[in-house]
Peer 1: 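If you scroll down you'll find the structure; I have some questions about it.
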Amino acid sequence: MTTPIPQPPGVPLLGNIFDVDPSNTWISLQKLWEKYGEIFKITVLGQQIVFVGNVALCEELCDEKRFRKFVGGPIVEIRYAVHASLFTAFDNEASWGVHHRILAPLLTPAAVADRFIQVRGCASELTAKWQALSGESPISALGELNRLDLETTTLCFYGRKLNGLRGPAPPMIKAMNGATSEAIKRPTRPRLVNWLFYQSKFEKDTKAMRQYAAECLEYRKANATGQKDDMLYTMMNAKDPETGESLSEQQIIDEIVTMPIGSSTAPCVVSSAIYYLLKNPDCITKAREEIDSIIGDGEFTHDHLEKLPYCAGIVRETLRLSAAAPGFNIEPLPDTQGPVLLGGGKYQVPAKQTMIIVLHGVNRDPTVFEEPEAFKPERMVGEAFEKLPEGSKKWFGNGKRVCIGRYYAWMWNVTTIITLLKDVDMEMADPSYQLKQDGWFNLRPVDFNIKVKPRAK
Ligand code: HEM
């Protein structure tokens with residue numbers, strides 16, 4: 001006998017449409033997780049979706065012998081802008097392998113380490129800007145870090161300096177936000193409504209994103225000298241070692257757009273880390289003790305990164321609590337016969353069932369994390385971290401479709417946090433602020449403003 005998967009009551013015909021707010025889907029799912037826990041389901045416009053919210057079930061769904069990434073809903077919608085790119089390709093699309101084999105060598109730990117100087121340089125540019133503010137005017141932590149992220153990504157991958165930390169924000173940032181939010185909402189509306197009322201904005205944002213990519217390409221064609229080792233050069237020149245295929249200009253533009261969309265999760269992590277640190281000032285003290293003893297007044301180098309375990313713990317604990325990448329979609333492998341049993345036979349789902357891993361819940365599993373709501377970087381350090389079950393460390397996704405940018409994202413997050421803690425004092429603009437989040441393909445702090453000034457030593 002299996003246990004029925006709980007479901008909110010809903011309404012006739014429309015099902016659970018009112019249980020999920022399309023303008024803040026992930027927060028609705030967090031509330032459902034708080035009520036139902038490890039597993040629950042909803043039905044929207046006749047389609048049933050199962051959500052999983054504990055470590056054991058997450059780990060089970062990450063078994064690639066039984067399950068794979070489900071490309072549907074918002075991921076299919078964003079194909080309007082990026083076609084069959086790495087993130088949006090269906091499992092059986094051969095082009096995924098071609099793109100992956102061409103791009104993966106550019107994102108290995110060694111390849112990413114070669115970008116450290118650029119990452120550190122951009123972070124220092126931001127701290128210089130913040131140091132000049134002298135703690136007076138409040139600034140949006142996320143707004144600033146979004147700029148830093150795009151600045152660094154564009155420089156490291158496409159060799160172009162946007163100079164986007166000052167002045168009006170680069171249009172790519174607004175366009176990514178517009179296109180990804182629209183992609184999340186479209187599956188919840190009838191097609192005709194999407195077409196009549198929302199298509200032209202979706203098209204405008206898509207055009208702006210592809211314009212950013214086209215400009216990167218044009219810039220490279222005009223300034224090709226000396227750039228022989230970065231992602232753009234590789235996309236323009238490399239051949240897939242397996243098939244001999246190369247990327248067409250449209251495919252290159254698809255990936256130039258996809259990378260900053262993926263990367264836009266990183267500023268959500270760092271702005272959330274600032275929030276958790278300001279709520280837990282003893283963690284700032286510990287991190288600064290570590291930074292001062294290892295880096296001191298000397299130059300911050302790539303070698304330092306692995307010598308600062310507490311700072312790494314801050315980033316991991318933030319990935320856990322913020323669930324900046326809020327989840328990922330899973331389905332049983334297509335040749336699955338009959339219903340699928342989960343949790344050692346406790347639950348049963350159909351063979352073609354869409355499932356979503358809700359990382360907010362998984363990352364707070366009380367059987368794995370004592371005081372799950374507390375911010376404790378030390379549980380993410382050394383042996384304590386190594387001992388955690390794999391299902392509790394899925395913030396970069398899983399298996400074949402794991403985040404290809406994870407090593408770069410890791411270096412960007414840790415380098416940025418270290419640079420900020422080393423050189424800048426931060427405080428909440430509103431000391432009573434409590435974290436509010438919204439987001440589309442990622443979860444970000446809302447209305448979180450800080451005051452910044454040079455670090456007092
Ligand atoms: C802290 C920052 C980041 C987090 C938490 C994160 C998380 C994730 C997750 C959970 C997935 C799996 C999505 C799925 O299964 O549908 C993913 C995929 C992906 N991410 Fe990231 N990501 C981050 C940063 C980045 C960066 C910096 C880049 C670009 C350099 C990037 C590019 C991608 C791409 C292209 C995919 C699709 C990979 C594929 O399916 O082959 N991400 N990411």
Side-chain angles (χ1 to χ4, degrees), residues 26 58 61-62 64 67-76 78-79 82 84-91 93 95-104 106-108 111-112 115 119 145-146 148-150 152-158 176 180 183 230-232 235 254-273 312 315-316 318-331 354-360 362-363 393-417 439-444:
W26 288 104
C58 171
L61 293 197
C62 287
E64 290 183 288
F67 304 101
R68 67 176 185 181
K69 168 165 167 165
F70 170 67
V71 177
I75 304 181
V76 169
I78 200 73
R79 284 174 66 105
V82 297
S85 72
L86 279 173
F87 176 58
T88 51
F90 292 103
D91 191 70
E93 261 172 314
S95 64
W96 179 85
V98 175
H99 290 224
H100 181 82
R101 287 184 294 271
I102 288 178
L103 286 168
L106 275 302
L107 290 162
T108 60
V112 159
R115 301 284 152 213
V119 171
L145 289 157
N146 276 339
L148 178 65
D149 175 56
L150 188 65
T152 323
T153 301
T154 311
L155 182 64
C156 289
F157 296 163
Y158 314 140
M176 286 192 293
T180 51
D230 71 2
M231 187 183 287
L232 188 50
M235 284 200 271
D254 292 343
E255 295 299 356
I256 297 179
V257 173
T258 294
M259 293 299 164
I261 294 182
S263 184
S264 66
T265 308
C268 302
V269 175
V270 174
S271 50
S272 304
V315 174
R316 291 193 192 109
T318 304
L319 282 161
R320 180 185 78 80
L321 269 183
S322 68
F328 47 99
N329 303 352
I330 298 286
E331 65 181 352
T354 303
M355 291 174 275
I356 299 183
I357 295 178
V358 182
L359 288 173
H360 173 94
V362 172
N363 297 349
K393 302 178 188 174
K394 292 291 175 187
W395 35 73
F396 285 117
N398 183 55
K400 173 181 160 187
R401 303 300 289 266
V402 70
C403 177
I404 195 171
R406 63 197 180 283
Y407 302 116
Y408 169 81
W410 177 257
M411 186 174 81
W412 188 88
N413 286 331
V414 181
T415 304
T416 306
I417 279 290
W440 318 111
F441 289 112
N442 47 42
L443 264 183
R444 57 204 183 171

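When a ligand or atom number is given, it counts from 1 through the structure's own listing order. Since we're looking at a predicted model, the values are computed, not measured. Heads up: numbering here begins at 1 and tracks the sequence.
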Peer 1: Which ligand 1 atoms, with their elements, are less than 4.0 angstrom from a heavy-atom of F328?
Peer 2: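 Within the 4.0 Å cut-off of F328, ligand 1 contributes 14 (C), 15 (O).
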
Peer 1: For ligand 1, which part of V402 has a heavy atom less than 4.0 Å away: the side chain, the backbone, both, or neither?
Peer 2: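 For V402, the contact with ligand 1 is made by the backbone alone.
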
Peer 1: Tell me whether ligand 1 is touched by W412 - counting only heavy atoms on the residue side and a distance under 4.0 Å.
Peer 2: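 No, W412 has no heavy atom closer than 4.0 Å to ligand 1.
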
Peer 1: Is it true that, when you exclude Y407 itself, more than 12 heavy atoms of the residues, nucleotides or ligands shown sit nearer than 6.0 Å to its OH?
Peer 2: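 Atom OH in Y407 is not packed in, count stays at 12 or less.
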
Peer 1: For ligand 1, is F157 a contact, meaning one of its heavy atoms is under 4.0 Å away?
Peer 2: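 Right, F157 reaches ligand 1.
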
Peer 1: Under 4.0 angstrom from ligand 1, any heavy atom of A324?
Peer 2: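 So A324 does not count as touching ligand 1.
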
Peer 1: Look at ligand 1 and say whether I404 reaches it with a heavy atom at a distance under 4.0 Å.
Peer 2: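 Contact check I404 vs ligand 1: positive.
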
Peer 1: Specify the protein heavy atom at minimum distance from atom 16 (O) of ligand 1: its residue, its atom name, and the distance to 0.1 Å.
Peer 2: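 The answer is K69 NZ, 2.9 Å.
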
Peer 1: Identify which of L86, V315, N413, L107 has a heavy atom lying nearest to atom 1 (C) of ligand 1.
Peer 2: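 Residue with the shortest heavy-atom distance to the ligand atom: N413.
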
Peer 1: Would you mind checking which non-hydrogen protein atom is closest to atom 6 (C) of ligand 1, with the distance to 0.1 Å?
Peer 2: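 Looking only at protein heavy atoms, the one closest to atom 6 (C) of ligand 1 is F396 CD2, 3.6 Å.
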
Peer 1: Counting each atom of ligand 1 from 1 as listed, which ones have a heavy atom of R401 under 4.0 Å away?
Peer 2: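 Going through ligand 1 atom by atom, the ones under 4.0 Å from R401 are 12 (C), 39 (C), 40 (O), 41 (O).
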
Peer 1: To the nearest 0.1 Å, how far is atom 22 (N) of ligand 1 from its closest protein heavy atom, and which atom is that?
Peer 2: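 Protein heavy atom at minimum distance: C403 SG, 3.1 Å.
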
Peer 1: What do we get for W395 next to ligand 1 when only non-hydrogen atoms under 4.0 Å count, side chain, backbone, both or neither?
Peer 2: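 Contact part for W395 vs ligand 1: backbone (N, CA, C, O).
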
Peer 1: Can you tell which of M355, R68, K69 makes a side-chain contact (heavy atoms from CB on, under 4.5 Å) with E331?
Peer 2: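 Only one option passes, and that is R68.
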
Peer 1: Can a donor-acceptor pair be found, under 3.5 Å and without considering hydrogens, that links the side chain of R444 to the backbone of S272?
Peer 2: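 Such a contact is absent between R444 side chain and S272 backbone.
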
